[in-house]
Amino acid sequence: MSYKSLKGFRDLLPEETGKWLWMERIIRDLMRRYCFGELRLPFVESTELFARGIGEGTDIVGKEMYTFLDRSDPPLSIALRPEMTAGAARAYVQHSIAQQQPITKWYYVGPAFRYEQPQAGRYRQFYQFGVELINSDRPEAEAEVIGIGNDLLSELGLSNYTLLINSLGMPSERAEFREGLIDFLRQRSDRLSEDSRRRMEENPLRVLDSKEESDIQATQDAPSILDFLGDESREHFKRVQELLGAAKVKYEIAPHLVRGLDYYTRTVFEFVGGDLGAQNTLIGGGRYDNLIEEVGGKPAPAIGFGCGLDRLILSIEAAGSGPTTEPSIDAYIVALDDQARRWAVGAATLLRCSGANIEFDLLGRSMKAQMREANRKGARNAIIVGANELAENIAQVKNMATNQQQGVPFEGLQEYIFPER
RNA sequence: GAGGGUGUAGCUCAGUAGGUUAGAGCGCCAGGUUGUGGCCCUGGAGGUCGUGGGUUCAAAUCCCAUCACUCUCCCCA
């Protein structure tokens, strides 16, 4: 085999795309009911947009972006999008959406790219569904967005998941907490893992999210971000919890939940799946009240989430969920000679125009082979036409399940195979 | 960037005290049926045993290197 897809990139063959179409249909139907509009963004943006939007210090920007120089003069640094929120914020500002509508509800579905070691549920080209709700600072916005995530998972037939929520406060509150946390961590740095000692200075919040047993032990009585929230942030978080209760959404408060993007403020949340191993974040999101301003717009509070569709597919498979009906073939036309094949081409066109799913042999195979193919494909009927049928204008139609076969006049085929529905 | 595991037919895998033409199941093709699928029977196509080198009379099998895939850590969806 001379060519292979690149590491972390893969083909989705028709065998699998059925599941994807099913999932995407559920997503789009859900978004219709929540009255969100679909946004389609470029796959490529200026590198700077992501650096500014996501944060220079994050791993995503620091070491996982696919960046290239284009052919302009001087060359422009561009990047494959590592997520879609920055692009959505850019679009919001570029099109002056704030001037046109008081609140904006967008969703998107599509690929994003990160240069990482692939592993289960993680690829270099991965697929995300996400929502962005822009220009509301109200806790109802949290309830709306989190509710979408909850509804989505349940409509996909998943039940083995947990919603974790936390508040990171506003930047000033987080800075204060950060100081306190660094003090705490320094005192017990000897008990921390090597990774955590490194992270302690650059991103101390992440230490709390460590999976190392020693780190978990050492940080059990670490200060909680929740104790550093000001009145407004505290009240906001409390109200979010009330509203989730009103929406009957089950959640757990997770003071250790931090998330890796710089732009989050106040509420952050994750839906984690039970049976996915390390890559178990199905949906991750939060409020980002400063991002719009960061990319050049007038300040606008916002909240959203990203949802990993590759992982959703894994969960769907693990849960035994998925589409129940496969597209069926209404009839397979079995043509016995060249005359009959000519007839079949015309008949197939007519039947297909009426809405029926029709297949016929494209390899010039024997009748036996055509019948075998009709059976294998699960066709409901075989329309058999040879010289005799052409002479009488009557096709032999065999019901593949019952074995019953009868003559059907050509002009009655459409009605027989595909009655008006 | 760090650490495990695995590479034999399209797919899932047998085959290692080195020994003739490398096997099975599934799938695919054809025949058994003159104009009728499934089940059954028979036959067939399909393999540089990941790649390169070494040891040996002889390597899928032993040694070295290398690549790919996969899982885990980091990080995230």
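These numbers were taken from a predicted model, which means no experiment stands behind them. Computed over heavy atoms, backbone and side chain alike; hydrogens, waters and symmetry mates excluded. Numbers restart at 1 for each chain; the letters A, B, ... are given by sequence-line order, proteins then strands.
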Asks: Can you tell which of G35(B), C75(B), C71(B) lies closest to the side chain of Q119(A)?
Replies: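 Output: C71(B).
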
Asks: Could you measure between the two P atoms, the one in U56(B) and the one in U70(B), and give it in whole Å?
Replies: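 Taking atom P in both U56(B) and U70(B), they lie 38 Å apart.
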
Asks: Above 12 or not: heavy atoms from other molecules or residues under 6.0 Å from CZ of R365(A)?
Replies: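 Check passes, neighbour count above 12.
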
Asks: Given C75(B), A77(B), G35(B), which nucleotide is nearest the side-chain atoms of Q128(A)?
Replies: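 Output: A77(B).
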
Asks: If we check salt bridge (charged side-chain N to carboxylate O under 4.0 Å, His left out) with E116(A), which of these qualifies: K63(A), R122(A), K7(A)?
Replies: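 The single option meeting the salt bridge (charged side-chain N to carboxylate O under 4.0 Å, His left out) with E116(A) is R122(A).
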
Asks: For G10(B) and U42(B), measure between their C1' atoms and round to the nearest Å.
Replies: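 Comparing C1' positions in G10(B) and U42(B) gives a spacing of 23 Å.
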
Asks: What is the distance from CG of D337(A) to C1' of U36(B), rounded to the nearest Å?
Replies: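 Distance, rounded to whole Å: 15 Å.
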
Asks: Partner of U61(B) by Watson-Crick or G-U wobble geometry, both contacts under 3.5 Å, or none?
Replies: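 Per the H-bond distance test, none.
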
Asks: Which part of the nucleic acid does Y123(A) contact within heavy-atom distance under 4.0 Å: base, sugar-phosphate only, or nothing?
Replies: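 Base: the residue Y123(A), judged by heavy atoms under 4.0 Å, touches a nucleobase.
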
Asks: I'd like the C1' distance from G19(B) over to G31(B), given in whole Å.
Replies: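 Those two atoms are separated by 38 Å.
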
Asks: Establish whether the base of U36(B) is bridged to the side chain of Q405(A) by a donor-acceptor pair shorter than 3.5 Å.
Replies: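 Indeed, a donor on one side and an acceptor on the other fall under 3.5 Å apart.
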
Asks: Taking T47(A) for its side chain and S77(A) for its backbone only, find out whether a donor-acceptor pair lies under 3.5 Å.
Replies: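 Yes, because the side chain of T47(A) sits within donor-acceptor range (under 3.5 Å) of the backbone of S77(A).
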
Asks: Where the side chain of N375(A) is defined as all heavy atoms beyond and including C-beta, which of G35(B), U36(B), G38(B) is the nearest nucleotide?
Replies: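 Nucleotide nearest to N375(A)'s side chain: G38(B).
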
Asks: Taking the same atom, P, in G1(B) and in A14(B), what whole-Å distance lies between them?
Replies: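 It works out to 32 Å between them.
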
Asks: Would you state whether a donor and an acceptor, one from the side chain of K368(A) and one from the base of U36(B), lie under 3.5 Å apart?
Replies: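 Absent.
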
Asks: From the list G35(B), A30(B), A77(B), which nucleotide is the closest neighbour of the side chain of Q396(A)?
Replies: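 That would be G35(B).
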
Asks: Which part of the nucleic acid, if any, lies within contact of R122(A), taking any heavy atom under 4.0 Å across all strands shown: a base, the sugar-phosphate backbone alone, or nothing?
Replies: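 R122(A): base contact, heavy atoms under 4.0 Å.
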
Asks: Would you measure the distance from the P atom in A65(B) across to the matching atom in C28(B) and give it in whole Å?
Replies: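 That atom pair is separated by 43 Å.
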
Asks: When both hydrogen-bonding distances must be under 3.5 Å and the geometry is Watson-Crick or G-U wobble, what is U21(B) paired with, if anything?
Replies: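 In the structure as shown, U21(B) has no Watson-Crick or wobble partner.
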
Asks: Going by purine N1 to pyrimidine N3 plus the second Watson-Crick contact, or the G-U wobble pair, all under 3.5 Å, which nucleotide sits opposite G47(B)?
Replies: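 In the structure as shown, G47(B) has no Watson-Crick or wobble partner.
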
Asks: Taking 4.0 Å as the cut-off, does a side-chain nitrogen or oxygen of R372(A) come that near to OP1 or OP2 on A30(B)?
Replies: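 For A30(B), OP1 or OP2 has a side-chain N or O of R372(A) closer than 4.0 Å.
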
Asks: In whole angstrom, give the distance that lies between atom NZ of K7(A) and atom P of C71(B).
Replies: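 Rounded to whole Å, this separation is 11 Å.
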
Asks: Would you kindly compare K63(A) and G386(A) by the position of their nearest RNA chain B nucleotide and give the one closer to the 5′ end?
Replies: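 Looking at RNA chain B, the more 5' nearest nucleotide goes with G386(A).
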
Asks: Select one nucleotide: of A68(B), G35(B), A77(B), the one nearest the side-chain heavy atoms of E389(A).
Replies: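 So the side chain of E389(A) is nearest to G35(B).
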
Asks: Output the rounded distance in Å from CG (L257(A)) to C1' (A77(B)).
Replies: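 Result: 14 Å.
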
Asks: Just name whichever nucleotide pairs with C26(B), Watson-Crick or G-U, keeping both distances under 3.5 Å, else none.
Replies: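 Checking every strand shown, C26(B) finds its partner in G10(B), with both distances under 3.5 Å.
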
Asks: Nearest-Å distance, CG (L363(A)) to P (C28(B))?
Replies: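 Distance check: L363(A) CG to C28(B) P gives 14 Å.
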
Asks: Students often get this wrong, so: under 4.0 angstrom with heavy atoms, is R365(A) touching a base, only sugar-phosphate, or nothing?
Replies: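 Sugar-phosphate: the residue R365(A), judged by heavy atoms under 4.0 Å, touches backbone atoms but no base.
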
Asks: Mind calculating the distance between CZ (F9(A)) and P (U70(B)) to the nearest angstrom?
Replies: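 Result: 13 Å.
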
Asks: Can you tell which of F129(A), Y107(A), F271(A) makes a ring-ring contact (aromatic ring centres under 6.0 Å, His included) with F305(A)?
Replies: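 It is F129(A), the one option of F129(A), Y107(A), F271(A) that forms the ring-ring contact (aromatic ring centres under 6.0 Å, His included) with F305(A).
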
Asks: CZ of R40(A) to CH2 of W106(A): how many Å apart, nearest 0.5 Å?
Replies: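 The CZ atom of R40(A) sits 15.0 Å away from the CH2 atom of W106(A).
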
Asks: Do the side chain of N357(A) and the main chain of D330(A) share a donor and acceptor less than 3.5 angstrom apart?
Replies: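 Such a contact is absent between N357(A) side chain and D330(A) backbone.
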
Asks: G23(B) and A9(B): how far apart are their P atoms, nearest whole angstrom?
Replies: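 About 14 Å, rounded to a whole number of Å.
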
Asks: Looking only at atom C1', what distance separates G32(B) and C39(B), rounded to whole Å?
Replies: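 About 14 Å, rounded to a whole number of Å.
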
Asks: Rounded to the Å, how far apart are E64(A) CD and A77(B) C1'?
Replies: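 Distance, rounded to whole Å: 11 Å.
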
Asks: Is there a Watson-Crick or G-U wobble partner for G1(B) with both distances under 3.5 Å, and which nucleotide is it?
Replies: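 Per the H-bond distance test, C73(B).
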
Asks: Using a 4.0 Å heavy-atom cut-off, does G121(A) contact any base of the nucleic acid, only the sugar-phosphate backbone, or nothing at all?
Replies: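 The residue G121(A) makes base contact.
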
Asks: If you only use heavy atoms from C-beta on, which nucleotide in C74(B), A30(B), U72(B) is closest to the side chain of A120(A)?
Replies: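 Nearest to the side chain of A120(A) among the choices is U72(B).
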
Asks: Provide, to the nearest angstrom, the distance between the CZ atom belonging to R124(A) and the C1' atom belonging to C75(B).
Replies: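 For the pair R124(A) CZ and C75(B) C1', the rounded distance is 14 Å.
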
Asks: Quick one: OG1 on T67(A) to CD on E48(A), what's the gap to the nearest 0.5 Å?
Replies: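 So the gap between those two atoms works out to 13.5 Å.
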
Asks: Are more than 12 heavy atoms, taken from residues, nucleotides or ligands other than R341(A), located less than 6.0 Å from that residue's CZ atom?
Replies: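 Atom CZ in R341(A) is crowded, with more than 12 foreign heavy atoms closer than 6.0 Å.
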
Asks: For U48(B) versus G53(B), give the span between their C1' atoms, rounded off to a whole number of Å.
Replies: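 Roughly 16 Å separates the two C1' atoms.
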
Asks: Without decimals, in angstroms, what is the distance between K4(A) NZ and C67(B) C1'?
Replies: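 About 8 Å, once rounded to whole Å.
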
Asks: Quick one: which of U36(B), A30(B), A77(B) gets closest to the side chain of M367(A)?
Replies: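 Looking only at side-chain atoms, M367(A) lies closest to U36(B).
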
Asks: Regarding E373(A), tell me which of base, sugar-phosphate or nothing describes its non-hydrogen contacts under 4.0 Å with the strands shown.
Replies: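 Contact class for E373(A): none.
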
Asks: Can a donor-acceptor pair under 3.5 Å be found between the side-chain atoms of Q117(A) and the base atoms of G3(B)?
Replies: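 Answer no: no donor N or O sits under 3.5 Å from an acceptor.
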
Asks: Can you figure out which of A30(B), C29(B), A77(B) approaches the side chain of R376(A) most closely?
Replies: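 That would be C29(B).
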
